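Chain naming here is simple, since letters A, B, ... match the order of the sequence lines and numbering starts at 1 in each. Here the structure is a predicted model, which means the values were calculated and not measured.
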There are 2 protein chains.
Amino acid sequence: MPNRPRIYLAGPDVFLPDAKAFAAQKKALCAKCGFEGVFPLDAEIKNASDLQPEQLAAAIAANNEDLMRSCESLIANCTPFRSVSMDPGTAYEIGFMRALGRPVLGYSNTAAPLAQRSRAYRESTRPIPCDGDFPETEIEDFGLAENLMIDCAITASGAKLFTATVKPGHELTDLTAFETCLATARNIL
Amino acid sequence: MPNRPRIYLAGPDVFLPDAKAFAAQKKALCAKCGFEGVFPLDAEIKNASDLQPEQLAAAIAANNEDLMRSCESLIANCTPFRSVSMDPGTAYEIGFMRALGRPVLGYSNTAAPLAQRSRAYRESTRPIPCDGDFPETEIEDFGLAENLMIDCAITASGAKLFTATVKPGHELTDLTAFETCLATARNIL
């Protein structure tokens, strides 16, 4: 099947121990909808074992940017990751594709909006050093799932940041809301 | 002074209670270096009080994207924000400017690298619901300050994600590392 629209699969999924198997699941769902799923780890790094950590990081970043440029769209896993909010590498990639004028889609496997998560964090013991969350710092509250730049880029693309309530322990891996993104992408791409 | 390079001042600074006064400080430092600092809140929203929250969010996002397009560069406050990591709206903006081919710079007011902060979080009581941090989830460790997409975009721009150790309570507001960014921007822009 040539010329299937290519979709970059952004998210902290790359940190899963079985990341490539998980990517294969996402790609199979893409194929069922007529898309080609493209995973950040798809590009091989040449001579990776010869590289210093910073060189390896630079090679991965350059590969990911090349992969994004080769795609028509992006679907991001925006589920909170060690944070009130989503993974910043994924947020970076949404902004990158948005600036290229390509539709961005995303999902989050928590139904609690950003403001609710932020308040829960503020009321907690706040274990992270230097987190800059002081009582006088405003909590963004537009009723959105994420920082407004993220939600609005997705809405401006003709979609919505889809959320789902999932079984505990399945926050990073449940694909129900990802499938909703794919169904929406069929109307956009 | 016409034609001073315009620099978009990205960061969770917008959430400070005195955000506009803080922006004025940053802009004065920009001017001293021959730049025009541009703050996300610079663009007025017309009839803001008539808008529903989601409409207001969309107007702010559109304004910020227009402001970014009007700038030659960006300096991002990448200090952790309610998280192991930086504010995702700011990460989005770094990716956006990077895709436009414009140099991106950034700073973080914590000297602890990302991996160290991630491990501290994992060992904590982890107050955030649905944070997707399970013991089997890899902790990225390239010795960098942030997710590699962020650090590497800044390095590829000819700079470095500058870090500083600051007085507790000054994580969001200390401008020492911001000034290092400005000095570096003079060699890039």
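In this structure, the portion of B:Leu144 lying under 4.5 Å from any heavy atom of chain A is its side chain and not its backbone. Proximity to chain A (any heavy atom under 4.5 Å) is restricted, for B:Asp87, to the side chain, taken from C-beta onward. Residue A:Glu93 touches chain B through its side chain alone, counting heavy-atom pairs closer than 4.5 Å. Heavy atoms closer than 4.5 Å to chain B are found in the backbone of A:Val14, but not in its side chain. For A:Glu146, the part sitting under 4.5 Å from any heavy atom of chain B is the side chain, from C-beta outward, and nothing else.
B:Val104 and B:Ile150 fall within a single hydrophobic cluster, where Ile, Leu, Val, Met, Phe, Trp and Tyr are joined by side-chain heavy atoms under 4.5 Å apart, directly or via other members. Under a hydrophobic clustering in which Ile, Leu, Val, Met, Phe, Trp and Tyr are joined whenever their side-chain heavy atoms come within less than 4.5 Å, directly or via other members, B:Leu9 and B:Phe15 fall into the same cluster. B:Leu114 and B:Ile154 are assigned to two separate hydrophobic clusters, defined by single-linkage of ILVMFWY side chains at heavy-atom distances under 4.5 Å. Side-chain heavy atoms closer than 4.5 Å link hydrophobic residues (I, L, V, M, F, W, Y) into clusters, and following such links, even through other members, never connects A:Phe96 to B:Ile75. Using a 4.5 Å cut-off between side-chain heavy atoms of Ile, Leu, Val, Met, Phe, Trp and Tyr, with links allowed through other members, B:Ile45 and B:Phe39 fall into different hydrophobic clusters.
Surrounding CD of A:Glu136 are more than 12 heavy atoms belonging to other residues, nucleotides or ligands, all under 6.0 Å away. Few gaps surround NZ on A:Lys27; more than 12 heavy atoms of other groups in view lie less than 6.0 Å from it.
The two residues B:Phe142 and A:Glu54 make their nearest non-hydrogen contact at O-CG, 4.2 Å. The shortest heavy-atom contact between A:Tyr92 and B:Ala153 is OH-CB, 3.2 Å.
Heavy-atom pairs under 4.5 Å with chain A peak, among B:Pro168, B:Pro88, B:Cys152, at B:Pro88. For the set B:Pro17, B:Ala57, B:Pro53, the entry with the most heavy-atom pairs within less than 4.5 Å of chain A is B:Ala57. Interface summary for chain A: among B:Ile139, B:Asp151, B:Leu100, the most heavy-atom pairs under 4.5 angstrom belong to B:Ile139. Per-residue heavy-atom pair counts under 4.5 Å with chain A were compared for B:Met68, B:Arg69, B:Glu138, B:Met86, and the maximum is reached by B:Glu138. Contacts with chain B were tallied for A:Val166, A:Asn147, A:Thr173, A:Thr155; A:Asn147 has the most, counting heavy-atom pairs under 4.5 Å.
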Residues B:Phe81, A:Thr137; criterion side chain to side chain contact (heavy atoms under 4.5 Å, CB included); working and verdict: CA-CA 10 Å; B:Phe81 187 65; A:Thr137 314; 3.8 Å; yes
Residue pair A:Met149, B:Glu65: steps toward the side chain to side chain contact (heavy atoms under 4.5 Å, CB included) verdict: CA-CA 9 Å; A:Met149 298 305 291; B:Glu65 293 191 355; 4.0 Å; yes
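Between the CG atom in B:Asn64 and the CG atom in A:Leu148 there is a gap of 7.0 Å [rounded to 0.5 Å].
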